[in-house]
Amino acid sequence: MASNDLVLTNVTKRFGGLVAVDDLSFTVQQGQIYGLIGPNGAGKTTVFNCITGIHPCEEGSVLWCGEEIRLLPTHKIVQMGIVRTFQTIRLFGQMSVAENVMSGRHIKSSQSWWNGIIHTPSSKRDETANWQVVFEMLDFFDLTEFAASTVSSLPYGIQRRVEMARAMAVEPKLLILDEPAAGLNDNETQTLIETIYRIRDKGITILLIEHDMDLVMEVTEYLTVINFGSKIAEGNPGEIQENPAVIEAYLGSEDDDF
Amino acid sequence: MDTFLQQLVNGLTIGSMFALIALGYTMVYGVMKLINFAHGDLVAGSAFVGLFVFSQLLGGEVSLPVVIGVFLLTIVAISLLGFTVERLAYRPLRTAPRLSAVVSALGASMVIQNGIMLLWGPQMQIFPELIPSVIWEVGGVVISLMQVLIMALSTLLMVGLYFFVEKTKIGTAIRASAIDQDAARLMGINVNNIIVTIFLIGSSLGAVGGLFIGLYYRGITFNMGWQYGLYAFVAAIIGGIGNIPGAMLGGLLLGLFKAFIAGYVSSTWADAFTFILLIVILIVRPTGILGERVAEKV
Amino acid sequence: MMKKIQVIGYPLFFVVMALLPAVLDSRWLVVATTFVIFTIVALSQDVILGKAGMFNMGQALFFGLGAYTTAILNSVYGWPMLATLPVAIIIPALFGIVLAGPIIHLRGDYLLVVTIGFNIVFIQAVQNNLGGVTGGPNGIFGLEMLQIPGMGAFQEAAPYYAALFVLLLTLFIIRNLESSKAGRALHYLREDDLAAGSIGINTRVYKIFAFGVGAGIAGMAGTVFANQYSAVSPEAFNFLQSVLFFSIVIVGGSSVPGILLGVFVMFVLPEIFREFATWRYFIFGFAMIFTMILRPRGLWPAKFGRIPKAFLEKGGNHGQQ
Amino acid sequence: MLKSKALLLSLAATVMVASPVLASDTLKVGVQAPITGSYANEGQGIDQSVRLLADQINAKGGVLGKKIEVVTCDDEGTAMKAAICAKDLVNKKVSMVIGSYTSTCAEAAQATYYRAGVLQTSDGTSDTLTEHGYWTFFRNSFPNSAEAEFAANYMVKEKAYKNIAILSDFSSYADGLATAVQDAVKKLGGNVVAREKIKAGSQNFTPVLTQMKSKKPDVIFFAGYYSDGGLIRSQQVALGIKADFIGGDANDNVDFVKLAGNAATGAYIINVPTPELLPYDLAKDFLKAYKAKYNMMPPSIWTILNVDGMRAFIHGIEATKSFDTKKVAEYLHTLKDYPGITGPISFAADGNRVGSGYMTYEIQKDGSYKIVFK
């Protein structure tokens, strides 16, 4: 088993009587930009929730770096290097951009709980070092000028960048992006594509859901298409575009994103 | 066995009162997601208004029309008060953080409680004996006319409310607003009117509860609203707050708990056991007995 | 604005507070001491309610636990007042941790009623003279009072200065909390529990942490309270007191100046308007409603953007008020 | 040197400010009572009667030439407010304090008065009040233990009840009295079948009473306040519990009868005589004056007991010809049979009032009291 792969095997998730994800298997290899696509309601976000432990799946297995993570709590999974963003942006709205990104440094910080009560020289050093990383990250995402702004007062496009910066501050091995281009204009989308490449160049594996097919076909290296929770196709972007089942699924659902 | 049945009767009587009052909490919570802390004080206010209506407006002579008159006038007065509280203390805060509405509710509670004290004084007032104190003994169990009335009238009101909410158009609108206010608004429901409606209904039920307290216990004090409010609120939580049958169930259960705990376990620890039971129920069922578990949408 | 207050405001505040006993008569000294103690409790409540966003309406329980710990150790075991302080921090903190464990997953209002429940159970336990040491409904009277050597005629102000010292200590802890990983984690989980988990914060642990810290600080306040009255009695810690602390944090806003204002408005003002005995709480209720309508986030809301200065100068000040 | 000069200056300033007060020649009497809250009518009664007595004394030229000035502080019936009141009254330089109504409030304030050397007299019956050894404190009523012995004797010897149930609330007074009664009953060989507690003001007492019913008591002794006692009696009758009802002293209030309604008839109350039943001329005169001034009767005997406490203090000042509280207290600790409104006043060395004037009353159909046992 290759070491840093994410392997889903026969994953099934039910909500009451509804089967949201049905016997799904796929493998994301280290260093890939991997796409998960499908019509609305196909169960893509549910797959992400299963991987990140927000709604653990009942059956199947989720292996990460050779370890079973299916039933681990979210924060443990993050500690193992898997970080996600959300389709509906979930930032800490009343707080500043820098504080939001600082939240990503939580698990990297060496402070103990009792440093919340009494500081030590080493906790102070740790604090400074982490702020340093935050400002590097702000620089990387071109957010420095907004450092002190309250997040909820910023435009949507910038909030998306903040959310990615926050995820990157965790220094993940696998970054999961849930519709990163939703609500972005063309310019912003172009910047996003460049950013995704720059992240990949740092050696980080990327798994993304996206409705913007231009973006998907441009950036991803390998794709899995699901509909009604089951896989209907997988392959590289070229193969997927030709696949009749995929065309049927999208046309049949009259999804105008395609 | 006699003791058991007697405790059952005791528990159901006080439980019916809790349930009536709990409905006011739960209906408001269902639609507005707000704990109406002033509700208990409306209940207390009702007993005082009833006293005033009887002795000042209707002449102080007991007769059936007068008793009915006391009930009707008090219900009207208290539902108007409930309406005023909503307008003044809650409506301006509908979009504010939830905790500010909680504190505003506490403020409203303080206003009503101290308002009663200013009008009627801090001393205990004696509620008139409007219902003759008739008691029957059935196989060792003593039951009074007042208890029968409380249980019967509460049941009637609760069944009526249940059908109102389930079967009528307004009831459907109430349920729709409880699930999603924005969607309800899009479907052409005037949510403001719905909120006014639930305040009127909730306060009316509370008013009946308050009159029962006055009739049953006789001694009424300006600050008694707190304890009835707290227990009714606990009843609503046990049943699953926001859930109408839940409030009824919670009220009756709480009444029975209190009776059996004070009776069989220990009167000196009655309150502690009641709350320990509540805590255990919530640990096992975090959203109450009939409350729905909501998975957060991500 | 914020900066200025920290630089000038706090020292000024403490200088004024330190000089107060010289101008207050003994009745107002009692009020001032209670003001300081309630501020400490409100700050501890703020750790749980304001910072971590958990609807806790049972803070008087931890306050009372601290006070009773001190009173029992002093009256039954003869410990000196000061020696009881560490125990009066640890016991409430442990209770906070143990009690929070099973309940912190409860959603807002359910948590609220459970914490009220804890408070009521506590009151009944001390009223029933649990373990034969709580003094029953009467409480415990005639505790030793902390003497500060060399204060001479000002000895009457000793409880006041003891309370002021503990307030200083509390502010020190709060300041440390604000600039630490643990303190920020509380803010994150208040803002968005799920997002906090998704960047690796163990929300459960930090919620329990908030209860532990909040309870420990409240316990400390309990010690100085027992010292001030040289007595403890159950009614001082009943759940209506918890409601008061809850309201103070919300009315004041979740910031240190806000909480000071909150305690002043909710506790000192009613004392000043004592002459209007029967009217004051009536008017007060209205004041609470209008405060919330006009300032839904409190009189002096918490401000964010605590970024070390060195970095800010490097980065832009765009958007900073 | 400079420092001492400053000290002298400030001292001189103090004297200048203080001297008009000294010159005003008043004797300040503090009233610490629950003017608001659950026991408001008792508190107001104490305040009114103290003011009446002060007026009467002032009309006769005051105490050793000084007029009495009454200062009232509302302790709301809570211990914390009582502690604040104590400091407030001490600060206003009162030399004696009348109150408070409840034992808890009297006890919470005791230490402060003791430290300041201010005389205090309270009707609180809790035994612990006189157990601290404070020379400043004088009880103007009779302690729980005296009442408990009387009640136990009445129940076990006089009425020969077989099964005795005892009920109290959580307050220090009630819990203390109930425990004392329980002990006294056991000492006399009586059988206590139940000892339960209720929460004051919780109104619904049927669960506890139902449980008591199953123990088949011949009598229910309630140690607690009238506001609960009236309801307990009425719920007892409504539940068909045939046992007799005996209320402790704090049930002696007109509201007891109002609350219990028809059920009040036949209930017993143990207390020192009610104001109307006091046989002394002093009492008749005082009640007449009270009625004339306030157009009502005092709410209960407690009011009058507190007045007697104050009268004893005034007598102490006059007898020692001194305002030195220490001297007055020394005199009072040996006081014997000073004529009081509520009977002869004698104090023991611990500040307890000597004697026991307890009686048992039966409530009649018209709400009046009939003495059935002395």
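The sequence lines fix the lettering, A, B, ..., with proteins before strands; numbering per chain opens at 1. Owing to the predicted nature of the structure, the values given are computational and were not obtained by experimental measurement.
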* Can you say whether C:Met266 sits under 4.5 Å from chain B via the side chain, the backbone, both, or neither, judging by heavy atoms? ->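 It is neither, since no heavy atom gets under 4.5 Å.
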* Given that the side chain runs from C-beta out, which part of C:Leu99 has a heavy atom under 4.5 Å from chain B: side chain, backbone, both or neither? ->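 Nothing of C:Leu99, per the 4.5 Å heavy-atom cut-off to chain B.
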Atom group of [X] that falls short of 4.5 Å from chain C, counting heavy atoms:
X: B:Leu278; result: side chain
X: B:Tyr90; result: neither
X: B:Ala101; result: neither
X: B:Leu99; result: both
X: B:Leu282; result: both

Are any non-hydrogen side-chain atoms of [X] and [Y] less than 4.5 angstrom apart?
X: B:Ile276; Y: C:Phe118; value: no
X: C:Arg297; Y: B:Pro97; value: yes
X: B:Phe233; Y: C:Leu112; value: yes
X: B:Leu230; Y: C:Phe239; value: yes
X: C:Asp109; Y: B:Arg98; value: yes
X: C:Leu240; Y: B:Trp226; value: yes
X: C:Ile250; Y: B:Val102; value: no
X: C:Arg107; Y: B:Pro286; value: no

Calculate, to the nearest 0.5 Å, the distance between atoms [atom1] and [atom2] belonging to [X] and [Y] respectively.
X: C:Tyr281; Y: B:Leu118; atom1: OH; atom2: CG; value: 13.0 Å
X: B:Ser100; Y: C:Met292; atom1: OG; atom2: CE; value: 5.5 Å
X: C:Ile289; Y: B:Met110; atom1: CD1; atom2: CE; value: 10.5 Å
X: B:Ser109; Y: C:Met288; atom1: OG; atom2: CE; value: 8.5 Å

What closest approach, in Å, do [X] and [Y] show between heavy atoms, and which atom pair accounts for it?
X: C:Phe286; Y: B:Leu88; value: CE2-CD2, 3.8 Å
X: B:Ile283; Y: C:His105; value: O-NE2, 4.3 Å
X: B:Leu93; Y: C:Pro296; value: CD2-CB, 4.4 Å
X: C:Met57; Y: B:Leu106; value: CE-CD1, 4.2 Å
X: C:Tyr110; Y: B:Ile241; value: OH-N, 3.3 Å

* Asked: What pairs meet the side chain to side chain donor-acceptor pair (under 3.5 Å) rule with one or both residues in residues 242-258 of chain B, with sequence neighbours excluded?
  ->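 Residue pairs passing side chain to side chain donor-acceptor pair (under 3.5 Å), neighbours aside: B:Tyr231-B:Lys258.
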* Crowding at OH, B:Tyr217 (>12 non-hydrogen neighbours, <6.0 Å) ->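 More than 12 heavy atoms, drawn from other residues, nucleotides or ligands, come within 6.0 Å of this atom.
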* To do: Find the one option among C:Ile283, C:Asn128, C:Val113, C:Val243 whose heavy-atom pairs under 4.5 Å with chain B are most numerous.
  =>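 Ranked by heavy-atom pairs under 4.5 Å with chain B, first place is C:Asn128.
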* Contact listing (chain B partner; residues 119-127 of chain C; heavy atom under 4.5 Å) ->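 Answer by number: C:Ile120, C:Val121, C:Gln124, C:Ala125.
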